[in-house]
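So that the names make sense, note that chain A is the first sequence line, chain B the second, and so on, each numbered from 1.
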Amino acid sequence: MIDPKLLRQSAADVAANLARRGFVFDADGYLALEERRKSLQVETERLQSERNASAKSIGKAKARGEDIEPLLDAVKQMGERLEANEAALQTVQAELRDVELGLPNLIADDVPVGDTEDDNVEVRRWGEPADPGFEARDHIELGERLGQLDFDAASRISGARFAVMTGPLARLQRALIQFMLDTHTTDHGYVETYVPYLVKPPALIGTGQLPKFEEDQFKTTDEPPFYLIPTAEVPVTNLARETIFDAESLPIRYAAHTPCFRSEAGSHGQDTRGMIRQHQFEKVELVHFVAPDTSMDALEELTGHAEAVLQKLELPYRVITLCSGDTGFGSAKTYDIEVWLAGQQRYREISSCSNCNDFQARRMQARRRNPETGKPELIHTLNGSGVAAGRALIAVMENYQEADGSIRIPEVLKPYMGGLEKIVP
RNA sequence: GGAGAGAUGGCUGAGUGGUCGAAAGCGCUCCCCUGCUAAGGGAGUAAGGGUUAAAAGCCCUUCGAGGGUUCGAAUCCCUCUCUCUCCGCCA
């Protein structure tokens with residue numbers, strides 16, 4: 001959520017910023033609504049104050065043993081007016097909140113302006129895509145030749161956009177997850193967490209998936225409403241919900257492995273083949289809670305932690321800054337990391353690292369105590385994949401393949417594979 | 001699933017219709033005193049919001065959540081959520 005004070009004072013500036021995303025913010029409409037809120041709230045609070053004073057004086061009169069009947073008559077009239085005002089105020093405030101919850105985060109100033117992914121800007125590259133000396137297969141062909149990746153079975157069980165893996169390939173994904181968690185906890189100082197996979201609406205509102213992106217979520221039951229998490233970002237970031245951190249307890253860094261569930265509504269026809277875009281996939285997620293003003297530095301660190309995973313796996317990648325139009329709803333600035341896929345001969349997203357500054361913190365009232373003033377203030381939250389396990393598996397398969405279709409095990413994963421050197425058909 | 005108990009400020013914990021946003025204690029902050037390793041005295045110490053350019057001040061809201069009764073609710077009524085204890089069931 002954008003600071004309502006900023007919206008009131010600088011609605012036009014906010015509209016100009018959001019326009020960089022291609023988002024249209026009706027500043028005049030908002031200000032008109034805000035004007036109504038103000039007059040209603042001032043009047044309502046005046047009436048409440050009046051009522052409180054009267055009630056108090058009645059209490060005092062009664063304590064003195066006086067006749068309170070005339071006082072009661074005078075006060076009774078107020079009730080209806082107050083009630084009507086309170087109801088009207090509530091309506092307007094709900095309308096304002098709806099608007100505010102629907103606004104994406106402000107874009108950071110250094111984010112390149114653009115409309116689509118074509119306007120994203122490459123920041124750096126690491127590693128060289130190797131020439132295998134033969135025509136590289138994609139992970140679908142590799143997996144099926146190994147007999148360890150079965151999309152037919154998956155579709156019989158669950159339909160499109162699911163995968164079944166067996167044997168060493170299934171273990172390879174687990175190895176990747178363990179390796180990533182170990183790297184982040186041991187090398188990068190993250191605290192491993194285990195969190196719920198089913199969450200209630202307020203959690204999704206907190207991170208920004210609701211109310212706007214309901215159709216992207218898998219809803220399980222209506223009563224109580226439970227949603228499958230689309231990313232561990234949701235439960236992990238909500239660990240900060242309605243808490244005030246001691247100043248010295250920040251930064252906090254959490255790492256979590258969870259499955260992720262996405263309806264992929266609106267992406268029909270995209271990546272229908274293979275494991276790139278699934279309804280269910282595994283991911284290791286990194287989340288930071290930091291003091292305001294330090295979040296841009298934290299974003300660089302966070303991105304570096306995700307990169308470290310790919311470097312250890314010796315997978316070539318590039319880092320890009322998402323342009324304004326491609327940056328996610330809650331993010332002020334996002335780096336995507338794209339890994340080289342030999343079978344596709346292109347870079348594909350494997351991690352997305354975002355600085356949400358106070359956008360999510362405001363929605364979930366996540367605060368810290370300011371060491372100077374002693375007053376609570378909103379913290380900044382960041383999240384990033386470190387990294388998507390399903391896609392990391394694809395990257396290992398395609399980049400470590402041999403001419404006969406076997407897959408070499410990356411050096412760092414061997415301990416997790418019981419010393420296995422390669423997966424063979 | 002059955003039976004019961006509970007949810008109050010950073011913590012413990014009082015408060016069953018009227019100066020209660022809330023006693024007391026602990027903790028914390030500041031000041032004073034004391035030459036001694038610990039103690040004494042005093043003051044302050046919830047959050048959200050409105051008003052304001054901002055602050056101060058003033059006002060509103062909040063005692064798990066949502067409704068209701070009432071001039072007035074932490075206190076009474078209803079619904080829900082969560083926690084704890086016992087029984088049953090269970091990975």
(message) Under 4.0 Å, heavy atom to any atom of RNA chain B: which of residues 25-44 of chain A qualify?
(response) A/R37, A/K38, A/Q41

(request) Name every residue in residues 7-14 of chain A that has at least one heavy atom under 4.0 Å from any atom of RNA chain B, in order of residue number, or write none if there are no such residues. (result) A/R8, A/Q9

(request) Please confirm whether A/F261 and A/Y197 have ring centers closer than 6.0 angstrom. (result) no

Expected list for residues 415-425 of chain A: side-chain donor-acceptor pairs under 3.5 angstrom, two or more places apart:
| from | atom 1 | to | atom 2 | distance (Å) |
| --- | --- | --- | --- | --- |
| A/Y416 | OH | A/D182 | OD2 | 2.6 |
| A/E421 | OE1 | A/K414 | NZ | 3.0 |
| A/K422 | NZ | A/E402 | OE1 | 2.5 |

How far does the [atom1] atom of [N] sit from the matching atom of [M], given to the nearest Å?
| N | M | atom1 | result |
| --- | --- | --- | --- |
| B/G64 | B/G13 | P | 15 Å |
| B/A56 | B/U45 | P | 14 Å |
| B/U29 | B/C84 | P | 33 Å |
| B/U8 | B/A3 | C1' | 27 Å |
| B/C77 | B/G17 | P | 12 Å |

(message) Side chain of A/E45 only, heavy atoms from C-beta on: which candidate in B/C60, B/U52, B/A47 is closest?
(response) B/C60

(message) Under the ring pair (Phe, Tyr, Trp, His ring centres under 6.0 Å) definition, can you give me all pairs with a residue in residues 291-310 of chain A, not counting sequence neighbours?
(response) A/H188-A/H305, A/Y190-A/H305

(request) Figure out the CZ/P separation between A/R97 and B/G49, and round it to whole Å. (result) 12 Å

Report, one pair per line, the protein and nucleotides 65-73 of chain B atoms (nitrogen or oxygen only) whose separation is under 3.5 Å.
none

(message) Filter on side chain to side chain donor-acceptor pair (under 3.5 Å), then keep only pairs touching residues 151-180 of chain A, sequence neighbours left out; what's left?
(response) none

